[in-house]
Amino acid sequence: MKVLFVCSGGMSSTIAVNALKKEAEKHGENIEVLAIGTQAVDDEVKNGWNCVMVAPQIRHRFDNIKAAADAQNIPCALIEPMAYSPLGGPKLYTQMKGLTGGN
């Protein structure tokens, strides 16, 4: 599973990415998560991602990010603010699985 995590690049992004990876490991799944800024989305979505998750603090750019993901037929969603924390792993994992159809 490859997850593209679009964020502002702050420390909280690292915490959320690590929480998602740890939760996936608990479910026996090895995932690749790449955290990128909004300016890299148009190029990066072409690299075979299973889903795109967008951090809540950049929701004002969601429409542009979703358009880039839609152009590549990649499911994309805005992350709930409550999931964007060190304890958000279960919620992030559930959202990721929902985006990818449970695959």
(request) Please report the closest heavy-atom contact between I65 and C76, naming both atoms and the distance. (result) CG2-SG, 4.2 Å
(message) Testing the basics here: between P56 and I79, what is the closest heavy-atom pair and its distance to 0.1 Å?
(response) CB-O, 3.8 Å
(request) Using the side-chain contact (heavy atoms from CB on, under 4.5 Å) rule, take T38 and N64 through it: C-alpha gap first, then chi angles, then the decisive distance, then the call. (result) CA-CA 9 Å; T38 57; N64 292 340; over 6 Å; no
(message) Let me check something: do I74 and L34 share a hydrophobic cluster, defined by ILVMFWY side-chain heavy atoms less than 4.5 Å apart, either directly or through other members?
(response) yes
(message) Using every non-hydrogen atom in the two residues, find where A16 and L92 come nearest and quote the distance to one decimal.
(response) O-CD1, 3.6 Å
(request) Please name the pair of heavy atoms, one in A35 and one in V17, separated by the smallest distance, quoted to 0.1 Å. (result) CB-CG2, 4.1 Å
(request) Report yes or no: do L4 and F62 belong to one cluster of Ile/Leu/Val/Met/Phe/Trp/Tyr joined by side chain heavy-atom distances under 4.5 Å? (result) yes
(message) If hydrophobic clusters are built from ILVMFWY residues whose side chains come within less than 4.5 Å, do V41 and V54 share one?
(response) yes
(request) Compare every heavy atom of S13 with every heavy atom of F5, then report the nearest pair and how far apart it is. (result) CE2-O, 4.2 Å
(message) Within the structure provided, determine whether T94 and K91 are in side-chain contact (heavy-atom separation under 4.5 Å).
(response) no
(message) Counting only heavy atoms from other residues, nucleotides and ligands, does the tally under 6.0 Å from CG of N47 exceed 12?
(response) yes
(message) Please find the pair of heavy atoms, one from A55 and one from L78, that lie closest to each other, and give the distance.
(response) O-CD1, 3.6 Å
Pairs under 3.5 angstrom only: tabulate donor-acceptor contacts from the side chains of residues 20-27 to other protein residues two or more places apart or in another chain.
unit_1: E23; atom_1: OE2; unit_2: H27; atom_2: NE2; d: 3.0

(message) Run W49 and Q72 through side-chain hydrogen bond (donor to acceptor under 3.5 Å, both in side chains) and show every step you take.
(response) CA-CA 9 Å; W49 297 96; Q72 299 297 318; over 6 Å; no
(message) I'd like to know if the side chain of N50 and the backbone of V3 have a donor-acceptor N/O pair within less than 3.5 Å.
(response) no
(request) Say whether Y93 and I31 are linked into one hydrophobic cluster, either directly or through other cluster members, by side-chain heavy-atom distances under 4.5 angstrom. (result) yes
(message) When you group the ILVMFWY residues by side-chain heavy-atom contacts below 4.5 Å and let the links chain together, are V52 and I36 in the same group?
(response) yes
